[in-house]
Amino acid sequence: MVDRLANSEANTRRISIVENCFGAAGQPLTIPGRVLIGEGVLTKLCRKKPKARQFFLFNDILVYGNIVIQKKKYNKQHIIPLENVTIDSIQDEGDLRNGWLIKTPTKSFAVYAATATEKSEWMNHINKCVSDLLSKSGKTPSNDHAAVWVPDSEATVCMRCQKAKFTPVNRRHHCRKCGFVVCGPCSEKRFLLPSQSSKPVRICDFCYDLLSTGEMTACQSARSDSYSPSPKSSLNDVSDDDDDEDSSD
């Protein structure tokens, strides 16, 4: 069915509409063989709070952006190659329900659908697209995934030293290797993680010590691959501002 839609006029028109919704700041999305599979609003768990984001699933990429005007205008376009994506279901907890992890070498995060049926459809379609891409390329699924960041609200003290309390002066930082919320003194070092950045990025002392001794995977927290949010997070607290996890901290 995807092959039949690839060069259809209806598919070309649908992709053109998505391009126009992102405006001049968005990247062109129309290429030969690309098909728009589906779209919808998902709640993305960001650094400070859950936020509504518009997602578009194509047969080779996943695109999402901030909602400016529903169905008409989006910004902050993000494009994720599906070939590098792995997804894992998340157990329901509190107000955070019908979720799954989207994991890639450069960025990993949790999203939540409005219903269990919607979650199932999204996950099935994503898995099918990834499977088809890997089958055509002959590649194997990626095992290198960026950590899922622990939301700020889940850490009142540094998750490494367990002593430093966070205040407006003593800011929260995130280790790019394990995703933990850490204080400044516990994350003064930088390390090159090529899949995430061309420059050395902030990591905690614990991960730095393990990475420096060659134990590259030992510091990858189990939290990163099986994210379990705190019940105190609320899906009602959503906004359309920038993704907080894109912050330099």
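Numbers for residues simply follow the sequence, beginning at 1. Because the structure is a prediction, the values reported are computed rather than measured.
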Please collect all side chain to side chain donor-acceptor pair (under 3.5 Å) contacts where either partner lies in residues 15-33, sequence neighbours excluded, each pair once.
-> Glu19-Thr30

Using a strict cut-off of less than 4.0 Å between a Lys/Arg side-chain nitrogen and an Asp/Glu carboxylate oxygen, indicate whether Asp132 and Lys136 qualify as a salt bridge.
-> no

Minimum side-chain heavy-atom gap Ile15-Ile17 below 4.5 Å | no

side-chain hydrogen bond (donor to acceptor under 3.5 Å, both in side chains) assessment of Arg34 paired with Asn59 = CA-CA 6 Å; Arg34 177 168 289 164; Asn59 59 329; 5.2 Å; no

Donor-acceptor pair, Gln77 side chain versus Ala25 backbone, under 3.5 Å?
-> no

Work out which heavy atom in Met123 is nearest to a heavy atom in Ile87; give both atom names and the distance.
-> O-CD1, 3.6 Å

Is Cys186 close to Phe206 at the side-chain level, that is, under 4.5 Å between some pair of heavy atoms?
-> no

Please check if any side-chain donor atom of His145 sits under 3.5 Å from a side-chain acceptor atom of Thr104, or the reverse.
-> no

Taking side chain as C-beta onward, heavy atoms only, is Lys48 less than 4.5 Å from Ser153?
-> no

Do the non-hydrogen side-chain atoms of Val41 and Ile67 ever get within less than 4.5 Å of each other?
-> yes

Assess the pair Phe56 and Tyr74: is the distance between their ring centroids shorter than 6.0 Å?
-> yes

May I ask you to test the Ile61-Ile80 pair for a side-chain heavy-atom distance under 4.5 Å?
-> no

Is the backbone N or O of Pro105 less than 3.5 Å from a side-chain atom of Ser195, with the two atoms forming a donor-acceptor pair by type?
-> yes

Considering all heavy atoms, the nearest Lys51-Cys46 contact | CD-SG, 3.8 Å

Identified side-chain hydrogen bond (donor to acceptor under 3.5 Å, both in side chains) counterpart of Asp152 within the set Arg47, Arg172, Lys49 | Arg47

Could you check if a side-chain atom of Ile203 sits within less than 4.5 angstrom of a side-chain atom of Arg190, using non-hydrogen atoms only?
-> no

With the side chain counted from C-beta on, respond yes when Val111 and Trp100 share a heavy-atom pair under 4.5 Å apart, and no when they do not.
-> yes

On a heavy-atom basis, the closest approach of Cys207 and Arg160 is SG-NH2, 4.1 Å

Provide the closest heavy-atom pair for Pro194 versus Leu192 in the form atom of the first, atom of the second, distance.
-> CD-O, 3.4 Å

Check the pair Lys72 / Gln70 against side-chain contact (heavy atoms from CB on, under 4.5 Å), numbers first and verdict last.
-> CA-CA 5 Å; Lys72 292 185 178 181; Gln70 182 64 37; over 6 Å; no

Plane angle bin for Tyr64 and His78 - parallel if under 30°, tilted between 30 and 60°, otherwise perpendicular | parallel

Would you say the side chains of Lys119 and Ser89 form a donor-acceptor pair under 3.5 Å?
-> yes

When you measure from the side chain of Asp92 to the backbone N and O of Asn98, does any donor-acceptor pair fall under 3.5 Å?
-> yes

Determine whether Lys103 and Val85 make a side-chain contact, defined as any pair of heavy atoms from C-beta on separated by less than 4.5 Å.
-> no

Do side-chain atoms of Ser120 reach the backbone of Ala116 as a donor and acceptor pair under 3.5 angstrom?
-> no

Salt bridge check: are Lys71 and Glu39 linked by an N-O gap of less than 4.0 Å?
-> yes

Closest non-hydrogen atoms of His173 and Ser187, given as atom of the first, atom of the second and distance, are CB-OG, 3.9 Å

Minimal non-hydrogen separation, Ile37 against Cys129, with atom names | CG1-SG, 4.0 Å

Is the backbone of Leu36 close enough, under 3.5 Å, to the side chain of Asn11 for a donor and an acceptor to pair up by distance?
-> yes

Is the count of non-hydrogen atoms from other residues, nucleotides or ligands lying under 6.0 Å from Asn124 atom CG greater than 12?
-> yes

Could you point out which residue of Leu29, Leu82, Ile31, Val35 forms a side chain to side chain contact (heavy atoms under 4.5 Å, CB included) with Phe58?
-> Leu29

